[in-house]
Amino acid sequence: MRDMVTVHLTADLPVRVRALPFADRVEIRLGKAFPVALVIDRGALTRLSSAVSEGIAALEAADGHREGDR
């Protein structure tokens, strides 16, 4: 049995964000019928943002390598 949850995000997946100022957190809800909620402490938001930016840069670099091969 796997000990990791995998959530596949697509371009058309509904995403809703709500600030939880009383808890110093942000809630990000993904999906409609069976939503997944990420509750992220303020201190972790910068790290999450950096991780997403790193992933985008890695994909763009991989695209550049593929285009250079042509």
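For the numbers below, each heavy atom of this structure counts, side chains included, while hydrogens, waters and symmetry mates do not.
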Next on the checklist: If hydrophobic clusters are built from ILVMFWY residues whose side chains come within less than 4.5 Å, do Leu48 and Leu20 share one?
Outcome noted: no

Checklist entry - Between OG1 of Thr46 and CD1 of Ile40, what distance do you get to the nearest 0.5 Å? => result 11.0 Å

Next on the checklist: If hydrophobic clusters are built by linking Ile, Leu, Val, Met, Phe, Trp and Tyr wherever their side-chain heavy atoms come under 4.5 Å apart, do Val15 and Val5 end up in the same one?
Outcome noted: yes

Next on the checklist: Which residues pass the side-chain hydrogen bond (donor to acceptor under 3.5 Å, both in side chains) test with Ser53, not counting sequence neighbours?
Outcome noted: none

For residues 28-39, run the donor-acceptor check on the side chains, cut-off 3.5 Å, and write out each pair with its distance to 0.1 Å, sequence neighbours left out.
| from | atom 1 | to | atom 2 | distance (Å) |
| --- | --- | --- | --- | --- |
| Arg29 | NE | Glu27 | OE1 | 3.0 |

Item to check | Pairwise side-chain contact, Ser49 with Arg47, heavy-atom cut-off 4.5 Å (strictly under) | outcome: no

Item to check | Spatial distance of atom CZ (Arg25) from atom CZ (Arg18) [nearest 0.5 Å] | outcome: 12.5 Å

Next on the checklist: Assigning hydrophobic clusters by single linkage (Ile, Leu, Val, Met, Phe, Trp, Tyr; side-chain heavy-atom cutoff under 4.5 Å), is Val17 placed with Val7?
Outcome noted: yes

Checklist entry - Is there a path of hydrophobic side-chain contacts, each under 4.5 Å between heavy atoms of I, L, V, M, F, W or Y residues, that connects Leu13 with Leu59? => result no

Checklist entry - Looking at residues at least two apart in the chain, or sitting in another chain, which of them share a side-chain contact (heavy atoms from CB on, under 4.5 Å) with Glu60? => result Ile56

Item to check | Neighbour count >12 (heavy atoms, 6.0 Å) for atom CZ, Arg42 | outcome: no

Item to check | Partners passing side-chain hydrogen bond (donor to acceptor under 3.5 Å, both in side chains) against Thr10 (at least two apart in sequence or in another chain) | outcome: Asp12

